Amino acid sequence: MDVLAPDTRELWLMQSRDCAAEPPPLDAARARFVLAVHAGHGAGCRQFLAAAAFSYGAYRDTARA
């Protein structure tokens, strides 16, 4: 399991703290991070919805291969 460097963790926290804002471009690691930080926020949290959509799309693409 990869562990984020403290400076990366702080940067990602600052960039994804606002539930109403669009998240920065996502990759698999950042999507997992955002999902963990915003878990339980509900359908009004754009950060969680974007990370969930990204994760679902990535999973669906690997499931087809």
Side-chain angles (χ1 to χ4, degrees):
M1 178 176 175
D2 294 332
V3 177
L4 287 176
D7 56 338
T8 302
R9 184 181 187 283
E10 290 300 316
L11 176 64
W12 287 5
L13 276 172
M14 289 186 65
Q15 291 175 335
S16 67
R17 70 175 172 223
D18 184 4
C19 289
E22 287 292 321
L26 296 170
D27 59 14
R30 190 176 286 212
R32 284 191 306 270
F33 178 82
V34 170
L35 286 172
V37 170
H38 291 272
H41 286 190
C45 179
R46 294 179 87 173
Q47 298 282 333
F48 183 83
L49 291 175
F54 177 89
S55 297
Y56 175 73
Y59 170 76
R60 193 181 64 184
D61 291 344
T62 59
R64 287 184 186 174

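Fair warning: this is a prediction, and the values are worked out from it, not measured in the lab.
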| query | Under 3.5 Å, side chain of Q47 to main-chain N/O of V34, donor-acceptor pair present? | reply | no

| remark: Here the pair of heavy atoms bringing A28 nearest to F54 is N-CE2, 3.6 Å

| remark: Residue pairs meeting ring pair (Phe, Tyr, Trp, His ring centres under 6.0 Å), one or both in residues 16-37, sequence neighbours left out, come to W12-F33

| Apart from L49 itself, residues in the same hydrophobic cluster as defined by side-chain heavy atoms under 4.5 Å | none

| field | Any residue meeting side chain to side chain donor-acceptor pair (under 3.5 Å) with Q15, in chain and number order, not counting sequence neighbours | value | R30

| query | side chain to side chain contact (heavy atoms under 4.5 Å, CB included) with A5: which residues, sequence neighbours excluded? | reply | D7, T8

Can I get a per-line list of side-chain donor-acceptor pairs under 3.5 Å for residues 35-42, giving both atom names and the distance, sequence neighbours left out?
| unit_1 | atom_1 | unit_2 | atom_2 | d |
| --- | --- | --- | --- | --- |
| H38 | ND1 | H41 | ND1 | 3.2 |
| H38 | NE2 | S16 | O | 2.6 |

| Considering all heavy atoms, the nearest A51-A31 contact | CB-O, 3.6 Å

| Within residues 14-23 or reaching into it, pairs that qualify as salt bridge (charged side-chain N to carboxylate O under 4.0 Å, His left out) - sequence neighbours excluded | E22-R46

